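Computed from a predicted structure; not experimentally measured. As a basis for the values below, the full set of heavy atoms in this structure was taken, side chains included, without hydrogen atoms, waters or symmetry mates.
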Amino acid sequence: QVRLVESGGGLGQVGGSLTLSCAASGRTFNDRNIGWFRQAPGKEREFVAAITRTRSTCYADSVKGRFAISRDMAKKSVSLRMDSLKADDTAVYYCAATPRTAYFVSDDYLMTQTSYGTWGQGTQVTVSS
C-alpha cells in the first residue's frame with residue numbers, strides 16, 4: 001500500500017513559478033508510476049504530467065514546456081515544477097500512483113485517470129494577475 005500527500009500549493013502570479021510535491025509513505029512507492037492531475041472549478045479533472053518507474057515523462061499539451069516533473073527515489077517523492085504560470089493553471093492538483101504491476105506503460109495509459117489506484121487529497125493552486 002502507498003499513501004500520497006501533496007504540498008506546495010498556494011497563490012502564484014501570472015508568469016511566476018510554483019513547485020508542488022507529492023510525498024509517499026509505504027515501501028512500494030518507487031515501483032509505481034506517478035501522475036499529476038488537476039481539476040479547475042466547474043471542469044473535469046484532467047491529466048497534467050506523469051513520470052514512470054524509470055523516470056520517463058509525459059505531459060499534457062497545455063503544460064508542455066512550462067511544467068517539469070521529477071522524482072527522488074531516496075525521498076520517495078515526486079515534484080512538479082510549474083513555470084510561466086497562467087490563470088488557467090488555477091485548480092486543485094492531485095498526485096496519483098498506478099499499481100505496482102504497471103510495467104512498460106504507454107503515454108495513453110499514464111494520461112488515463114482510471115490507470116491510477118491511489119490518490120492524494122489534493123492541493124489548491126491559484127494563479128492571479
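For the pair Arg71 and Phe29, the distance from NZ or CZ to the six-membered ring centre is under 6.0 Å and the angle to the ring normal is within 45 degrees.
Atom OG of Ser77 and atom CG of Asn30 lie 9.0 Å apart (nearest 0.5 Å). If you take CG on Asp83 and OG1 on Thr19, they are separated by 7.0 Å, rounding to the nearest 0.5 Å. Considering CE of Met73 and CZ of Arg53, their distance stands at 8.0 Å, rounded to 0.5 Å. Taking CD from Gln13 and CG from Leu18, the interatomic distance works out to 9.5 Å, rounded to the nearest 0.5 Å. Distance check: Tyr94 OH to Leu20 CG gives 13.0 Å after rounding to the nearest 0.5 Å. In this structure, Leu80 CG and Glu6 CD are separated by 11.0 Å, a value rounded to the nearest 0.5 Å.
Taking hydrophobic clusters as Ile, Leu, Val, Met, Phe, Trp and Tyr residues chained together by side-chain heavy-atom distances below 4.5 Å, Met111 shares a cluster with Tyr116. Note on Val63: it clusters hydrophobically with Val127, by side-chain heavy-atom contacts below 4.5 Å among ILVMFWY residues. Taking hydrophobic clusters as Ile, Leu, Val, Met, Phe, Trp and Tyr residues chained together by side-chain heavy-atom distances below 4.5 Å, Met82 shares a cluster with Tyr59. Ile34 and Val125 end up in the same hydrophobic cluster when Ile, Leu, Val, Met, Phe, Trp and Tyr side chains are linked at under 4.5 Å. Placement of Phe37 and Leu85 in two distinct hydrophobic clusters is found when ILVMFWY residues are connected by side-chain heavy-atom separations under 4.5 Å, directly or transitively.
Of all heavy-atom pairs spanning Ala91 and Gln124, the tightest one is O-NE2, 3.4 Å. In plain terms, the two heavy atoms of Ser128 and Leu11 that are nearest each other are OG-CD1, 3.9 Å. When all heavy atoms are compared, the tightest approach of Ala24 to Leu4 is CB-CD2, 3.9 Å. For the pair Gln39 and Lys43, the tightest heavy-atom approach, listed with the atom from each and the gap, is NE2-O, 3.1 Å. Closest approach of Ala40 and Thr90 over heavy atoms only: CB-O, 3.6 Å. Contact detail for Pro99 and Arg32: the closest heavy-atom pair is CA-NH1, 3.9 Å.
Between Trp36 and Phe67, the distance from one ring center to the other does not fall under 6.0 angstrom.
Judged by distance alone, the side chain of Lys76 and the main-chain N or O of Ser25 form no donor-acceptor pair under 3.5 Å. Proximity of a side-chain donor or acceptor of Thr98 to a complementary backbone N or O of Asn33 within less than 3.5 Å is detected.
Checked for salt-bridge contact, Lys64 and Asp61 meet the test: a charged N lies under 4.0 Å from a carboxylate O.
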Asp89/Arg66 under side-chain contact (heavy atoms from CB on, under 4.5 Å): CA gap, chis, key distance, verdict
CA-CA 11 Å; Asp89 295 323; Arg66 299 190 299 121; 2.8 Å; yes
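Asp72 is not listed as a side-chain neighbour of Ser79, based on a closest heavy-atom distance of 4.5 Å or more.
A side-chain N or O of Thr52 and one of Thr54 form a donor-acceptor pair less than 3.5 Å apart.
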